Amino acid sequence: MSTDAGSGRRAPPTSSDAGVLRAGWGYASITDKIADLVLTRPVRWPWLVAFFGTFAGTVVLLGAIGYLFVRGVGIWGVNIPVAWGFAIANVVWWIGIGHAGTFISAVLLLLRQKWRTSINRFAEAMTLFAVAMAGLFPILHLGRPWFFYWIAPYPDKMNLWPNWRSPLVWDFFAIAIYLTVSFLFWYVGLVPDLATLRDRATSRAKRFAYGIFALGWRGEARQWQRFEIAYLLLAGLATPLVVSVHSVISLDFAIGNTPGYHSTIFPPYFVAGALFSGFAMVLTLTIPLRRAFGLYDFITDVHLDHAGKVMLATGWLLAYGYASEIFVAFYSGDEYEISMTVDRWVGFYAPVYWAMMTCNVVLPQLLWFRRVRRSVGMLFALSLVVNLGMWMERVLIVVSSLHRDFLPSSWGLFIPTFWDWTILLGTLAAFAWLFLVFVRVLPSISISEMRLLVRESSERAA
């Protein structure tokens, strides 16, 4: 491994030495490197600036939500015929971002993909924070959000039951189950690392806090056996959620007879788009985290290359969904579907459509080139572009299909207001703030899984 001349600092590993880095690491060095990021690393001004900036955005979000409670959803741009606006589009977008964490953690674990080890921990945390942001919007969209518990089937004296045909009820169960399973999977994998932090903490308060959540973990053979069984069972339970959760979200649209919604392509189309946007967000978080904490030995160019390949594959699945949607509209001969499709190309929202196609289909083709996949700057820029394009796609699906109904007398436009943008940007700030807290309080890379990977690499080398 090379070092920066005169500084003694490790330089970012190249593709040639990425595969042998872990063989040179021992258990103690891995534990020191990852645990010290939480226990001993001093807080520096870039993190403080980001922390207080995102915290201010979170406070603005809470203020906007309070104003929404007082005034109602009329402060948004929604109106008849476009009764769904940013709120529903943001639900779909945030749920999609959370998909990559479950895919990296559960699916790649069952497939025995070793490259997941360096990024699965903060990808799981990203899932929790993204799903929490997604869960806000169906509640805020209710109009009377303080009655949100009415969509849960609990026994009450009024014999009031949810309307099982309502997409809001489906969203409630989909998001609640996804959040619960994702949290359990994340927490179970975190227990051995919490015990490591407990044993290495210097202050009594930290030892007490980490000790409580470590659940008495001592690293005994019996505990490891039960841990591995529970971890695999939760992975098997979480794997179907990669398909089922976003399929349920897509059915919010597919069950309607609105042109542009009523399509059987939506479930696989939404799942592919979710993985596409989810891996883009993983790269958006991975690259700054790698740079800020010097994690070049753990998150190598190989990991970024693999994430870029997954983005390329899911991007092509998404492009196939776009093509299928257009083909079915014209092949069906339905004049309303054809009119809706043409309106996306040349109508009021045409700039959004063509910008979306550029971000989601054209620019990701750069990932065919290995030089682009190994370029940190290019990958980071593409991840931001894809996140923007996927958000525009969700807005376009929600809005363009509603703004022109069957009758010209029912046509209208959706124009987002100041409060639409404030709540959207506020959730982005809250998401970033939660992630910043996470990387300073808990290990962002799994210590136990990384040590296991080093042991296996050493045995293969021997």
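Index from 1, following the sequence. All figures in this text were calculated on a predicted structure; none of them were measured in a lab.
- At least one side-chain heavy atom of Ile415 sits under 4.5 Å from a side-chain heavy atom of Phe348.
- At distances below 3.5 Å, not a single donor-acceptor pair connects side-chain atoms of Ser375 with backbone N or O atoms of Val372.
- Taking all atoms of both residues into account, the shortest heavy-atom contact from Pro138 to Val91 is CD-CG2, 3.4 Å.
- For OH of Tyr261, the number of neighbouring non-hydrogen atoms (other residues, nucleotides, ligands) closer than 6.0 Å is greater than 12.
- Side-chain atoms of Asp305 never come within 3.5 Å of backbone atoms of Arg370 as a donor-acceptor pair (strictly under, hydrogens ignored).
- The residues Arg290 and Asp301 are annotated as salt-bridged, a charged nitrogen and a carboxylate oxygen being separated by less than 4.0 angstrom.
- Summarising the geometry, atom CG belonging to Leu168 is positioned 9.5 Å from atom CG belonging to Asn163; distances are rounded to the nearest 0.5 Å.
- Ring centroids of Trp84 and Phe253 are separated by less than 6.0 Å, placing the two rings close together.
- Listed here is the closest heavy atom pair of Leu283 and Pro288: O-CD, 4.2 Å.
- Heavy atoms of other residues, nucleotides or ligands lying less than 6.0 angstrom from CH2 of Trp368 number 12 at most.
- Taking 4.5 Å as the limit, every side-chain heavy atom of Asn90 sits out of range of all side-chain heavy atoms of Arg394.
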(message) Is there a side chain to side chain contact (heavy atoms under 4.5 Å, CB included) between Phe327 and Ile265? Walk through the geometry before answering.
(response) CA-CA 11 Å; Phe327 172 78; Ile265 194 66; over 6 Å; no
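- Ring pair Tyr178/His99: centre-to-centre distance below 6.0 Å.
- Remark: the backbone N or O of Ser250 is not paired with any side-chain donor or acceptor of Tyr269 at under 3.5 angstrom.
- Across Trp150 and Pro162, no two heavy atoms sit closer than the pair O-CG, 3.9 Å.
- Ring planes of Phe51 and Trp47: parallel class, angle under 30° (limits at 30 and 60°).
- Relative ring orientation between Phe438 and Phe129 is described as perpendicular, the plane-to-plane angle rising above 60° on a 0-90° scale split at 30° and 60°.
- Within the structure, no pair that satisfies the side-chain hydrogen bond (donor to acceptor under 3.5 Å, both in side chains) test touches residues 51-65, not counting sequence neighbours.
- Taking 4.5 Å as the limit, some side-chain heavy atom of Phe298 sits within range of a side-chain heavy atom of Ile34.
- Asn360 has its side chain within reach of Tyr322: a pair of non-hydrogen atoms, C-beta onward, lies under 4.5 Å apart.
- The 12-atom threshold is not exceeded at CZ of Phe369, counting heavy atoms of other residues, nucleotides or ligands nearer than 6.0 Å.
- Proximity of a side-chain donor or acceptor of Trp170 to a complementary backbone N or O of Trp164 within less than 3.5 Å is detected.
- Under the ring-ring contact (aromatic ring centres under 6.0 Å, His included) rule, Tyr231 has a single partner from Tyr187, Trp224, Phe185, which is Phe185.
- A distance-only check finds a donor-acceptor pair linking the side chain of His303 to the backbone of Thr300 [under 3.5 Å].
- In this structure, the side chains of Leu289 and Leu285 stay at 4.5 Å or more apart for every pair of heavy atoms.
- Note that the OG atom of Ser244 and the CD1 atom of Ile249 stand 10.0 Å from one another [nearest 0.5 Å].
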(request) Quick one: do Leu442 and Tyr210 satisfy side chain to side chain contact (heavy atoms under 4.5 Å, CB included)? Show the steps, please. (result) CA-CA 9 Å; Leu442 296 172; Tyr210 290 126; 4.3 Å; yes
(message) Quick one, Phe380 with Thr284, criterion side chain to side chain contact (heavy atoms under 4.5 Å, CB included). Give me CA distance, side-chain angles, the key distance, then yes/no.
(response) CA-CA 6 Å; Phe380 185 69; Thr284 302; 4.1 Å; yes
(message) Under the criterion side chain to side chain contact (heavy atoms under 4.5 Å, CB included), I'd like the reasoning laid out for Ile104 against Phe279: C-alpha separation, chi angles, the key distance, then a yes or no.
(response) CA-CA 9 Å; Ile104 290 171; Phe279 269 88; 3.7 Å; yes
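- In this structure a side-chain-to-backbone donor-acceptor pair under 3.5 Å is missing from Arg121 to Ser444.
- Atom-to-atom distance recorded for Met311:CE and Leu318:CG is 11.0 Å, nearest 0.5 angstrom.
- Ile445 and Met450 get closest at one heavy-atom pair: CG2-CE, 3.7 Å.
- A donor-acceptor pair under 3.5 Å is absent between the side-chain atoms of Ser448 and the main chain of Asp193, judged by distance alone.
- What you find for Thr417 and Ile75 is that their closest heavy atoms are OG1-O, 2.7 Å.
- Between Thr258 and Phe406, the closest side-chain pair of non-hydrogen atoms is not below 4.5 Å.
- A perpendicular orientation is assigned to the rings of Phe227 and Trp217, their planes being inclined by more than 60° (bins at 30° and 60°).
- The side-chain hydrogen bond (donor to acceptor under 3.5 Å, both in side chains) contacts involving residues 331-343 comprise Asp343-His403, where partners must be two or more places apart or lie in separate chains.
- More than 12 non-hydrogen atoms from other residues, nucleotides or ligands lie less than 6.0 angstrom from NE2 of His306.
- Residues Trp115 and Leu108 are in side-chain contact: their nearest non-hydrogen atoms beyond the backbone lie under 4.5 Å apart.
- Between Met340 atom CE and Ser400 atom OG the span is 6.0 Å, to the nearest 0.5 Å.
- Nearest heavy-atom pair across Arg344 and Ile397 is NH2-CA, 4.1 Å.
- Atom CH2 of Trp76 is separated from atom CG of Asp420 by 7.0 Å, given to the nearest 0.5 angstrom.
- Note: Leu402 CG to Asn79 CG = 12.0 Å, rounded to the nearest 0.5 Å.
- Side-chain contact check for Tyr296 versus Arg291: some heavy-atom pair is nearer than 4.5 Å.
- The backbone N or O of Ser105 lies less than 3.5 Å from a partner atom in the side chain of Arg116, making a donor-acceptor pair.
- Under a 3.5 Å cut-off, the side chain of Thr427 and the backbone N or O of Leu424 do form a donor-acceptor pair.
- Residues passing the ring-ring contact (aromatic ring centres under 6.0 Å, His included) test with Trp421 are Phe86, Trp391, sequence neighbours excluded.
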